[in-house]
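This structure is a prediction, so every number in the text was calculated from the model and none was measured. So that the names make sense, note that chain A is the first sequence line, chain B the second, and so on, each numbered from 1.
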Amino acid sequence: MEFLQYFGNVFSVYHMALLIGGTFAGLILGALPGLSPTMAVALMIPFTFHMEPAAGLILLGAMYTSTVAGGAISAILVNVPGAPANIATAMDGHQLAAKGRAAEALHYCFTSSFVGGVLGILVLILFTPPLAKLALEFGPAELFWIAILGITVIGTIGSKSVVKGLLSGLFGISLSTIGANPMLGEDRFVYSDHLESGIHVVAALIGLFAIPQVLSLIEQAHKDKTSSVYALGESKLVKSVVYNLGRVKALTIGSIVGIVVGIIPGAGGQIAGLVAYDQVKKLSKYPSKFGEGEPDGVIAAESANNGMVGPSLVPLLTLSIPGSPTAAVLLGGLLIHGLFPGPDLFTVHAETTWTFINSLIVAQFFMLIIGLLLSQHSGWIMKVPDHFMAAAILILAVFGTYSIQTSYSDVLIMSCLGLIMFFASKFGFSAAPVVLGIILGPIAEDSFLQGSLIAGSRDGLLGYFTEGPINIVLILLCIVSIGYSAYSGAKMRKQEGEVA
Amino acid sequence: MNWLNSRERLSAVWAGLAAVLLLISSFFNTDAEVYLFPRIAAVCIAVLAAVLVYSNISLTPTDDQRNERIIDWSSLLPGLIAGVIYILCIEYVGFYASSFLAFCAITMLYGKRSTFDAKALFYKEVSVATVFMIVLYILFWKLLHVRTPTGFLF
């Protein structure tokens, strides 16, 4: 019960201020349709650069938790999910709003998110220490395959096209090799002075997530938006919360699905919400009511997408494999504070790590309280015009990037990467595998080079990288994730062809 | 050119071009030991790009796929140009001044306005830009102590 030892650290004035501020900002940013949780957390990372590691992680963790929950506000009021995780919420949440029960739907959202979130964090507390101990068994070969597995999983499960997902991940790895060779010190791909220090992971994060969002908002700014914001309506808070807590089946299904999906690397909240919605509909006595304003649909989806948050950090904190794209961004946040996933997090940096994890539990309470208060006044958030958001995000991205190393080169690199990613996303390539390639590429390369040196005196390269049960399991997992995604993609294309 | 009339085929072409570029930059006139890992990545990218090109050769795009508009250039271009000018001028004009001008430019370019309320909207956009820049100044200059280049303005 080591986490109890550091529980008190969360309740310092500074940490509580960051928790409350991060939760409030996360709910607002999550509610804005133009901002994804991934982008919001990426934009926040430069601000944490100047903080103590524990404080920075507390802020990022609070934002991660609350942006996912905040996305339900726009999903319900305007039928535009604030985050991909809220797609399932919109299916019944918006119908409730159409019936004048928007406030009630929002109460269900935050209560369910709280329940799922707390259960998810408890799983995080239980599973990370034993998995971190397992990571002690990892040598260079295992670390290499872990890095490849991370990129493979998020490139295949997290993308619509297996080939494009893998291409994105490999492109990220190529970008990570810009700069000095880690062993020999010689420059690679340094065609300009701006590339001498390589690509900073935070500049890449902001460029790959924020700039494409800015350009998308600008591109759609001229479009007429005919959807109106539904009024909140009246709702008795206590009655809604009691009703919600009584929907045990929906809460249980949602939380379990969220936990299982969260632990699977790369899957993310979008899948959790949709799977939970689907399951609760199948197991309901009244499946025909779903899609017409059935509260269980909202309850299951929201408990799943917040229940996913804690478990998505399990593979991240132990094996450097993020459970979701936002967790991938959080990995960047860990690295800039000098915290490397693995057993050291729970030994050398135990105080920081457990303070961060404990803060996630406390963040659930603030998310519930602030979310329920905000739900009464959230209509105004929807009325922020796209072009104002685009301008604000662009300028925040520039300032945030510059503040990392006070280097204009970072700003230029951020802008170029963002531009490339915007056009690439139009052709079906996604940012999350690229980011993971940039983050895990150096780990893969270092492990590969170390392993090559060891292999030279042993069984040769192939023998060293394929021996041992852990290596074999990791290689098999890479093959299974590629194979499964390729099979699912082929099946979907065949079904679309039949329908056409 | 008819072959390039769909999103998927264009994506294959761009992936192929990127792969060729990476192969050239990794293999041409470079040290084998220094560029070992980038070469491995470039070869893997080339293989996957070839798979993508091959899989798109046989696909026949539907009429919808042929006619779809991938990028709305008329909407995007003004903001894109404003953003590029902003990034290029930021060091010479100054971070805060150029950011203020960029904010005003983007909101004015994309704000819906009629002749009747054009003046009111102008004041609204300038006011919001001013408040935003003041908040950024307090946050970055005063709280985080990030000193940005001032250029010939600020």
Interchain contact, B:Val128 with chain A, by part (heavy-atom threshold 4.5 Å): side chain

Plane angle bin for B:Phe140 and A:Phe399 - parallel if under 30°, tilted between 30 and 60°, otherwise perpendicular: tilted

Part of B:Ile40 lying under 4.5 Å from any heavy atom of chain A: side chain

Engaged part of A:Leu419 at the chain B interface, taking heavy atoms whose separation is under 4.5 Å: side chain

Proximity breakdown for B:Val34 and chain A, heavy-atom pairs closer than 4.5 Å: both

Whether B:Phe132 and B:Phe103 hold their rings parallel, tilted or perpendicular, with breakpoints at 30° and 60°: tilted

Part of B:Thr30 within contact of chain A (heavy atom distance under 4.5 Å): neither

Region of A:Phe448 in contact with chain B, defined by heavy-atom distances below 4.5 Å: side chain

Part of A:Ser403 within contact of chain B (heavy atom distance under 4.5 Å): both

Donor-acceptor contact below 3.5 Å, side chain A:Arg188 vs main chain B:Tyr35: no

Parallel, tilted or perpendicular: rings of B:Phe37 and A:Phe144 (30°, 60°): perpendicular

Pair A:Glu445 + B:Arg39, salt bridge at N-O below 4.0 Å: no

Proximal component of B:Leu48, with respect to chain A [non-hydrogen, under 4.5 Å]: both

Whether B:Trp14 side chain and B:Arg9 backbone form a donor-acceptor pair below 3.5 Å: no

B:Phe95, part contacting chain A, at a heavy-atom distance under 4.5 Å: both

Sidechain-backbone polar pair: B:Tyr110 side chain, A:Ala390 backbone, donor-acceptor under 3.5 Å: no

Which atoms of A:Ala392 approach chain B - backbone, side chain, both or neither, heavy atom under 4.5 Å: both

Reference residue A:Asp410; test side-chain hydrogen bond (donor to acceptor under 3.5 Å, both in side chains); the match among A:His200, A:His194, A:Gln405: A:Gln405

A:Ile211 versus chain B, the contacting section by heavy-atom distance below 4.5 Å: neither

Proximal component of A:Leu184, with respect to chain B [non-hydrogen, under 4.5 Å]: side chain

Chain B contacts, top residue of A:Phe423, A:Phe429, A:Phe427 (heavy-atom pairs, under 4.5 Å): A:Phe427

